[in-house]
2 protein chains.
Amino acid sequence: MPVTLHDVAQAAGVSIKTVSNVVRGQGSFSDATRARVDAAIEELGYRPNLAARGLRSGRLGVISLIVPDIRNPYFAELADAVMTAAAAHDLLVLLEQSRGDRDVELELLRGNRTQMVDGILFSVLGLVDGGPELPEGIPNPVVVLGEPVPGWATDHVTMRNAEGAQAAVRHLLDDGRTRIAALGALHGRRTGTAALRLAGYRQALADAGIGYDPALVVDVGVWSRSAGAEGTRRLVRAGDFDGLLAFNDAMALGAMRVLEDSGRKVPADVAVVGFDDIDETRYSVPALSTVKPALEDIAATAVAYLIDRIGRADAGPPRAHRAGVELLVRESSSALSRR
Amino acid sequence: MPVTLHDVAQAAGVSIKTVSNVVRGQGSFSDATRARVDAAIEELGYRPNLAARGLRSGRLGVISLIVPDIRNPYFAELADAVMTAAAAHDLLVLLEQSRGDRDVELELLRGNRTQMVDGILFSVLGLVDGGPELPEGIPNPVVVLGEPVPGWATDHVTMRNAEGAQAAVRHLLDDGRTRIAALGALHGRRTGTAALRLAGYRQALADAGIGYDPALVVDVGVWSRSAGAEGTRRLVRAGDFDGLLAFNDAMALGAMRVLEDSGRKVPADVAVVGFDDIDETRYSVPALSTVKPALEDIAATAVAYLIDRIGRADAGPPRAHRAGVELLVRESSSALSRR
DNA sequence: TTGAAAGCGCTAACAG
DNA sequence: CTGTTAGCGCTTTCAA
């Protein structure tokens, strides 16, 4: 029932090959031919069968994006940026969620579904410390979004995590804060985003000659609003602090909520800085200071890396890109609104 | 280079058909055969070519979800629910954004990309008032997420919009508010979500014997935080009000921010209710009262409708489902915290 | 510049 | 219970 190249060729009085050429804008053909073919396509309502094209050419024109949870605003904004970058190369995006679970991540990487796409953009969470025999048997290229996974010879695209955290803490110190808490550490982890942000935090304290107090560093599981709220409750019970660096904005928002509930004013009593610059930081009360990563750069680079690898097994050694970050000072840490 | 059914068949010493059967768990075969085939699959690392399967069977196992903007938390939560529902039927989800633009929506519906999927879940925004020769030529089934599009004979899945808005306004009235503003109306529109929520708002006022004051009803474009903030600025300049129903949570959050800036306390001076129950409403200060739709019900029903239509052109007349809503009273409108 | 023919890997008849 | 055969619609040699 559906219209095929064949039907169009017949209607236009040319060969099937010519129609294929015209459709894809490849090869060469006269203007007259193109016009006839275009007319036939329009009239019959022809649309190429992408499965057939994919089977024949080995390319589907689809990449998949694996994130822990699309409801996390950072990943929603990342997905938006990735879709925009992908569209620029005529690529569609299949979305999958891992829930940050190691086993789900492995399953997603190994499963048959990977056969449906030309390449994978993978925002790793559960596997940050590396996987078992990971890169084996994965049929198509993978680009990691975030810090490199130990043992994986894949490209990765990340951001200046340590520098961002360091700048944030330096800003809090400049503001006169001395007991600065950190929210979102993962002490078991030696690698990955959390480890780097913690390193930046420690570096800034060290530079200021302030000792490291483990009691001010709180581990949480998922980096969600509720985890941030929970972690802050522990912090509030445990001791006193006048500054807080949350390793992402969602936790910072949860934290501000708890601080408010516990009678501490932000920023008067506690100055808060987050990480990611998600949209709602501009509308929270008070507006949240944050470290903003160059998301478009990240997405565009990751897609470019992936395209580079698709259909080219010999594309050379793994590449790395670290996107810039920028500290955005808003009300939650501004000395001005303390008055 | 990739392993095919053929290779597996040869290694297992059976026919290609038998391997196909085993892979899909269809047909019948002895346990011994299954074991031999499974061993060969494992050893060779066989994975089915989904493009070939799709070409042959006419089903790709992928549906697409079109939303205006994934950065809008409501759509992120909807996408999450849809992916969960789809996974239960072994379906993958391709995500696309329309920016709420009519032309982009049409393009998405008509474009070749639709050939890549078995069906489309479409959250309409630009086309709420209907399209031109819309349902023509769209090759695969469409289920509309939201209010029905005039002139389209598609299934749709929506929620009790009018009832939700009405309940919210009734609650504000019960709380003693008398000048209740509405944020997010689209006066040009006779159909769609905005029109229904406005109708519910008017109904509740009418039931209470309160006249309708157009000055309290603000039109905005996109239902975003910034649009909510901007609309509220206009409202604040224009006159006095002690209650506010925002037609979604994002706008409500933007509104609370502006109210705070203008020196009005929420809920003491203005009680605010939103719509959607996005996660951050629980963490805003004050926590936002809202109308919560049954999102899982919506996603599951929409996916079920779509599956029903896939590969069955004669599946009968369009169906409609209206999911329930529930008013969640939190701090932003609670009389308790006014003291 | 265009045409003919082969076959990508798989599933679905139909046999055996 | 298992094997053979014929394409799905397209791209890609290779010729003309």
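When only modelled atom types and interatomic distance are considered, B:Q97 and A:D80 share a side-chain donor-acceptor pair under 3.5 Å. For the residue pair B:E147 and B:T193, no side-chain donor N or O sits within less than 3.5 Å of a side-chain acceptor on the partner.
Here B:S57 does not reach the OP1 or OP2 of D:dC8: none of its side-chain N or O atoms lies under 4.0 Å away. For the pair B:S20 and C:dT11, the criterion of a side-chain N or O lying under 4.0 Å from OP1 or OP2 is met. For C:dT1, the OP1/OP2 oxygens have no side-chain nitrogen or oxygen of A:S30 closer than 4.0 Å.
Rounded to whole Å, atom C1' of C:dC8 lies 13 Å from atom CG of B:D7. The separation between B:H6 atom NE2 and C:dC10 atom P is 11 Å, rounded to whole Å. Here C:dC8 presents its C1' atom at 13 Å from CG of A:L60, a figure rounded to the nearest Å. Across the protein-nucleic acid pair, B:K17 atom NZ and D:dA6 atom C1' stand 14 Å apart, rounded to whole Å. Between the CZ atom of B:R47 and the P atom of C:dG9 there is a distance of 15 Å, given to the nearest Å. Distance B:L5 CG to C:dC8 P: 13 Å, rounded to the nearest Å. Spacing between atom CG of B:N21 and atom P of D:dC1 amounts to 12 Å, rounded to whole angstrom units. Atom-to-atom, CZ of A:R56 to P of C:dA6 comes out at 13 Å; the value is rounded to the nearest Å.
For A:R53 and D:dG9, a side-chain-to-base donor-acceptor distance below 3.5 Å is absent, hydrogens and geometry of angles not being considered.
Checked against side chain to side chain contact (heavy atoms under 4.5 Å, CB included), B:S20 has the following partners two or more places apart in sequence or in another chain: B:L5, B:R24. Qualifying side-chain hydrogen bond (donor to acceptor under 3.5 Å, both in side chains) partners for B:T84, counting only residues two or more places apart in sequence or in other chains: none. Taking the side chain to side chain contact (heavy atoms under 4.5 Å, CB included) definition, one finds that B:D155 meets it with B:V143, B:Y305, B:R309, B:P318, B:R319, sequence neighbours left out. Residues meeting the side chain to side chain contact (heavy atoms under 4.5 Å, CB included) test with A:D103, sequence neighbours left out: A:D101. Judged as a salt bridge (charged side-chain N to carboxylate O under 4.0 Å, His left out), and not counting sequence neighbours, A:D118 has no contacts.
Heavy-atom nearest nucleotides on DNA chain C were determined for A:I16 and for A:T33, and the one closer to the 5' end corresponds to A:T33. Checking B:G13 against A:R24, the closest nucleotide of DNA chain D that is more toward the 5' end is the one next to B:G13.
Each end of the helix from C:dT1-D:dA16 to C:dG16-D:dC1 yields a helix axis from five base pairs, and these two axes differ in direction by 30° (to the nearest 10 degrees).
Among C:dT11, D:dG9, D:dC10, the nucleotide with an atom closest to any side-chain atom of A:L55 is D:dG9. Considering only side-chain atoms of A:N49, the nucleotide from C:dA12, C:dT2, D:dC10 that sits closest is D:dC10. When distances run from any side-chain atom of B:T18 to the nucleotides D:dT13, D:dG9, D:dT2, the shortest one goes to D:dT2. In this structure, of C:dA4, D:dC10, D:dT2, it is D:dC10 that holds the atom nearest to the side chain of A:T4.
Checked for salt-bridge contact, A:D279 and B:R71 miss the test: no charged N lies under 4.0 Å from a carboxylate O.
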